[in-house]
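Structure first, then comments.
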Amino acid sequence: MNPYLDIHPEVAAALKEGRPVVALESTIISHGMPYPQNVETALRVEAAIRENGAVPATIAVIGGRLKAGLSPEEIEYFGKKGRAIAKASRRDLALLCARGEDGATTVTTTMIIAHMAGIQIFATGGIGGVHRGAETTMDISADLEELAQTPVMVICAGAKSILDLGLTLEYLETKGVPVLGYQTKELPAFYTRQSGFSVDYRVDTPAELAKALYTQRQLGLKGGMLVTNPIPEEYSMPKEVIDAAIDQAIRESREQGVKGKETTPFLLARVAELTGGESLASNIELVLNNARLAARTAAEYCKLES
Ligand code: PSU
Ligand code: MN
């Protein structure tokens with residue numbers, strides 16, 4: 001086992017016995033939502049995974065240790081410190097471990113640590129992608145490269161249109177990452193079910209998702225798989241409302257010269273402020289929805305492995 005990795009005893013027992021485990025990220029806690037809703041949501045997401053038959057493993061870096069599975073106190077700590085915790089992408093891991101520091105894991109680093117621990121399925125809200133204007137800024141999330149190389153299935157609600165969704169799909173195609181729509185052929189855009197873009201495949205059941213991942217592993221193909229699960233209809237927001245807030249947030253980020261790892265947290269926080277409580281409620285519901293699907297998929301995956 002990796003000398004920097006600590007697997008929570010409950011997670012380790014489940015993995016050893018071939019029971020389902022679902023990984024969760026910690027940037028969504030520290031940088032994706034305000035306190036205390038971030039902590040409440042993280043705990044509700046863990047409970048939803050248990051109710052659907054799997055063990056949750058929230059992933060983070062604490063004092064230079066890579067953690068697969070957090071205690072409720074550790075989740076509280078990440079939520080309360082919020083943006084004071086460093087956002088940890090692939091390039092940050094070695095330095096955080098060498099210096100014994102904390103880091104909130106993004107989709108990228110959650111995939112890396114999940115894979116080290118032997119966890120195959122990961123639920124989150126939205127992934128990073130190709131930013132609008134990337135043809136001049138070169139701002140492309142490391143999440144896309146990670147999906148190209150690390151064998152973990154990421155279940156999300158699509159991506160927010162703070163990104164260029166068309167270019168994000170092109171990039172994933174180039175990198176050979178399968179993009180699956182859960183019960184839909186249209187790429188969902190996080191707060192809304194509609195984006196106007198199509199995914200590669202529609203998949204209708206957790207058993208089918210599990211079989212797709214299992215087959216990718218049997219074929220020996222490297223890389224992960226992206227599942228896009230639309231927000232439940234009743235929580236979906238009007239596209240015009242969300243698009244107007246996103247356009248304003250992007251304008252402000254350009255005026256203020258926001259760059260690098262700050263771009264995504266800036267845009268997420270600004271969109272949340274501009275759309276108020278409604279977007280936060282939708283955000284919480286879509287994460288719960290993804291957690292339930294991930295737990296059921298992990299259970300199906302274990303049947304194939306046994
Ligand atoms: N998009 C969201 N919510 C999030 C993130 C993205 O709708 O919380 C977070 C995830 O942790 C994702 C990261 O991996 O932001 C991407 O950051 P960047 O664009 O800097 O790669
Ligand atoms: Mn970026």
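One-based numbering, in listed order, for ligands and for the atoms of each.
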Under 4.0 Å, heavy-atom basis, I'd like to know which part of T27 is in contact with ligand 1: side chain, backbone, both or neither. side chain
Quick check: does T108 get an N/O under 3.5 Å from an N/O on ligand 1? no
Considering the heavy atoms of H131, write down every atom of ligand 1 situated less than 4.0 Å from one of them. 19 (O)
Please report which non-hydrogen protein atom sits nearest to atom 3 (N) of ligand 1, along with the residue it belongs to and the distance in Å to one decimal place. L268 CD1, 3.5 Å
Above 12 or not: heavy atoms from other molecules or residues under 6.0 Å from CE of M1? yes
Residues S236 and T192: side-chain donor-acceptor under 3.5 angstrom: no
Which bit of V107 gets closer than 4.0 Å to ligand 1, counting heavy atoms only: side chain, backbone, both or neither? both
Quick one: does ligand 1 sit under 4.0 Å from the side chain of E25, the backbone, both or neither, non-hydrogen atoms only? side chain
Among protein heavy atoms, which sits nearest to atom 7 (O) of ligand 1, and what does the distance come to when rounded to 0.1 Å? K160 NZ, 2.5 Å
Nearest protein heavy atom to atom 6 (C) of ligand 1, by residue and atom, and its distance? G126 O, 3.7 Å
Nitrogen or oxygen atoms of S141 and ligand 1 under 3.5 Å apart: yes
Which protein N, O or S atoms does the Mn ion (ligand 2) have within a distance shorter than 2.8 Å? D139 OD1
